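Before any comments, here is the structure.
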Amino acid sequence: MDAISTEKLTKHYRVGFWRPRPYVALDALTLEVGRGEVFGFLGPNGAGKTTTLKLLMQLIFPTSGRAEILGRPLGDLVVRRRIGYLPENPYFYDYLTAEELLDYFGSLFGYGAAERRRRVAALLDEVGIGAERRLQLRKFSKGMLQRVGIAQAIVNDPDVVFFDEPMSGLDPLGRREVRRLMLKLRDRGCTVFFSSHVLSDAETLCSRVAILVGGRLVASGPLSNLLAFQVQGWELVLTGVTDTALEQATRCGQVVRATRLGAEHYALELPVTTAPERVVSDFTACGARLVSLTPMRETLEDYFVRQVADAPRNREWGRA
Amino acid sequence: MAVIGHIALNVFKESVRDRVLYSLVAFATLLIGASYLIGQLTAGQDVKIIKDLGLAAIATFGLFIAVFIGIGLVWKEVERRSIYSLLAKPIRRHELVLGKYAGLALTLLVNVAMMTIALYLVLAYLNTQFSDNARAVWPAPAVDVGMLRAIGLIFLELLVVTAFALFFSTFSSPFLSAALTFSLWIIGEFNPELRNFEAVVESPAAAYLARGLSYVLPNFAAFDIKTQVVYALPVPSSYLLTTSAYGAVYIALLLTGAVAIFERRDFK
């Protein structure tokens, strides 16, 4: 059973007052997220990431398609007890303190007073809110509110947690703490589904990602698979490289660029069409020694930018 | 039910922290100031006027609280996006609407109860300022338990007004909700006049229309028994029961409508 599954999940809005026309916020999203994964949901602004999360939280209702969390339909209260959600740029009741807010949300899960006290104290420690926990939230900075938001999302020790831009508003230290927390949740067996613009976070954290552009899914899968297809060449670092060997390799087209790092010490860029083992053996036969051989793959950022650039832009379906 | 209770308590906490109960201070000041002034100006009418003023003030303060908090109950949650985290918790949408309503009802109950206590304290004090002969000509004793009947109906009227404000706030802006609620309250206060429209217009169609409207629109005048209570006129129990049932049905209909709209709403 998947943690999250969607099948042709679609959301249209009607825009315009005099002549309303449909606007496709999400177009037939089919997605499966396994249990215990950290899943990155990526896309530029307006791609439909938040729409998807709102659909999964039933804050909005789909035009068509279906979705399940933990094998149950979205409206099921059993599901709600087992999930957590951090909205984008969260706002909470600013007349409450952080402790009171978490206590309130804990009460909605039916926890008793003692259990709530225990959970609230532990959670606020976990997200790094100290003495400020007794201040009203109206006195909190954006980063502090984000931490409270994360704490409220995991107040029920969820099996699946949805974070919408969890790093937003956090300083580098805060981001590192959130990354650590997400990995900790994963280690506990919790599925973490998060949307982000910050690709380095996705690269660090995710086992799989999906990329959404213009309401459409343009790519999804394990990060290694998505990027492995895009190996662009190899970087070969050698010492003891003679000028003759280098000239010969360049002439044969085995080396496209050579960067001198020191005396007889070179970083060579090999084209993707070349078999790197052959080049290594040719050089070592001439007395060179191998330091490293690294495939040059595009980064997630390169991949993302390319997917975004290639995706169709038109989201208005005049004849939908 | 527990969820509704937790949401209601949170609304009450918000009202307290937003200093809604400060209105009690204004009420007490008004009452004490008025009783002093009236004591200087009138002879023997103090108690009756303070009763009139006190009951009217309870209704007016309550009305403003009901409307101005009622219109923001749902709207604020949506506008400030706090509803996103809330609806992701194991609660049903109708529980949120009913919890919000119950929370404001609790705020109003505390407010009306405190104002009632303040009114009785002022009346008890005034009672000590008069001789037995002066008291003998009053239509009703100063500290009259019968006043609670009028206060009970005022509270019920406030619950109906709150239900209207909440209903409008599920689909419109606070400004429009306030305008609609106040308009309906004013119309409701003059509802009995609609039934007598045929006496002042010649067109039978207009008279039928006015009579029809009088049945559809709320009749807030029915909740007003202040004069009867102050002058110790009889108010039959059957009237109290019928009016209470009328208010309860109205509230139930409005809350059903609010829930129906809220259940289908997209929170973009």
Side-chain angles (χ1 to χ4, degrees), chain A residues 11-14 25 50-51 53-63 69 74-97 100-111 116 136-138 148-149 151-153 155-156 158 161-162 164, chain B residues 1-22 69 72-100 102-104 106-107 170-171 173 259-268:
Chain A
K11 181 66 183 174
H12 295 176
Y13 291 114
R14 297 194 77 78
T50 297
T51 299
L53 284 166
K54 284 183 178 175
L55 284 165
L56 291 172
M57 294 301 113
Q58 286 219 307
L59 295 169
I60 55 176
F61 299 102
T63 308
I69 299 175
L74 298 180
D76 196 327
L77 280 196
V78 175
V79 168
R80 298 274 183 87
R81 292 194 173 282
R82 296 171 62 190
I83 63 171
Y85 172 52
L86 167 74
E88 188 180 10
N89 300 322
Y91 174 89
F92 303 109
Y93 310 104
D94 58 9
Y95 53 88
L96 295 181
T97 66
E100 288 171 334
L101 179 84
L102 295 186
D103 183 78
Y104 172 46
F105 283 155
S107 71
L108 298 178
F109 283 95
Y111 299 133
R116 294 203 300 270
Q136 284 188 328
L137 294 174
R138 59 177 56 127
V148 174
Q152 65 80 32
V155 71
N156 55 326
V161 68
F162 298 85
D164 197 353
Chain B
M1 280 304 282
V3 167
I4 295 175
H6 291 305
I7 295 170
L9 281 177
N10 191 47
V11 173
F12 181 70
K13 196 178 274 186
E14 180 177 8
S15 304
V16 173
R17 302 249 166 116
D18 282 349
R19 301 178 175 91
V20 170
L21 298 183
Y22 278 20
I69 301 182
L73 279 178
V74 172
W75 180 83
K76 263 203 297 194
E77 286 273 2
V78 177
E79 193 62 18
R80 294 180 178 174
R81 305 187 311 276
S82 50
I83 199 164
Y84 295 170
S85 316
L86 193 57
L87 285 183
K89 304 289 182 278
I91 66 171
R92 302 270 184 210
R93 288 191 178 196
H94 72 263
E95 290 175 323
L96 177 60
V97 173
L98 297 180
K100 290 274 171 189
L104 184 47
L106 177 64
T107 307
T170 56
F171 61 87
S173 69
V259 166
I261 293 167
F262 198 71
E263 291 275 4
R264 288 165 180 74
R265 199 170 153 185
D266 272 351
F267 299 108
K268 292 178 203 167

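Note that the coordinates shown come from a computational prediction; the quantities given were computed from them, not determined experimentally. Just the heavy atoms: all of them, side chains too, but no hydrogens, waters or symmetry mates, feed the values below. Order of the sequence lines sets the chain letters (A, B, ...), proteins ahead of strands, with each chain counted from 1.
Annotation for B/L96 and B/I91: closest pair CB-CD1, 4.4 Å, computed over non-hydrogen atoms. Nearest approach of A/P158 to A/A153, heavy atoms of both residues: CG-O, 3.7 Å. Residue B/F262 comes nearest to B/V97 through the heavy atom pair CD2-CG2, 3.4 Å, listed as atom of the first residue, atom of the second, then distance.
Residue A/I69 holds its CD1 atom at 3.5 Å from CZ of A/F162, rounded to the nearest 0.5 Å. The line from CD1 of B/I7 to CG of A/L108 is 6.0 Å long, rounded to the nearest 0.5 Å.
Most heavy-atom pairs under 4.5 Å with chain B: of the set A/P90, A/P87, A/G149, A/G110, this distinction falls to A/P87.
Residue A/L96 touches chain B through both its backbone and its side chain, counting heavy-atom pairs closer than 4.5 Å.
For A/F105, there are no ring-ring contact (aromatic ring centres under 6.0 Å, His included) partners, not counting sequence neighbours.
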Under 3.5 Å, what donor-acceptor pairs does chain B form with chain A?
from	atom 1	to	atom 2	distance (Å)
B/N10	ND2	A/Y95	OH	3.2
B/R17	NH1	A/Y95	O	2.8
B/R17	NH1	A/E100	OE1	2.8
B/R17	NH2	A/E100	OE2	2.8
B/E77	OE1	A/Y93	OH	3.0
B/E77	OE2	A/Y93	OH	2.7
B/R80	NH1	A/Y91	OH	3.4
B/R81	NH2	A/N89	O	2.7
B/Y84	OH	A/K54	NZ	3.0
B/L87	O	A/R80	NH1	2.9
B/K89	O	A/R80	NH1	3.4
B/K89	NZ	A/Q152	OE1	2.6
B/I91	O	A/R80	NH1	3.2
B/R92	NH1	A/G75	O	3.2
B/R93	NH2	A/Q58	O	2.8
B/R93	NH2	A/L59	O	3.3
B/D266	OD1	A/F61	N	2.9
B/D266	OD2	A/K11	NZ	2.5
B/F267	N	A/L59	O	2.8
B/K268	O	A/K54	NZ	3.2

Worked verdict on A/L56 versus A/I83 for side-chain contact (heavy atoms from CB on, under 4.5 Å): CA-CA 11 Å; A/L56 291 172; A/I83 63 171; over 6 Å; no

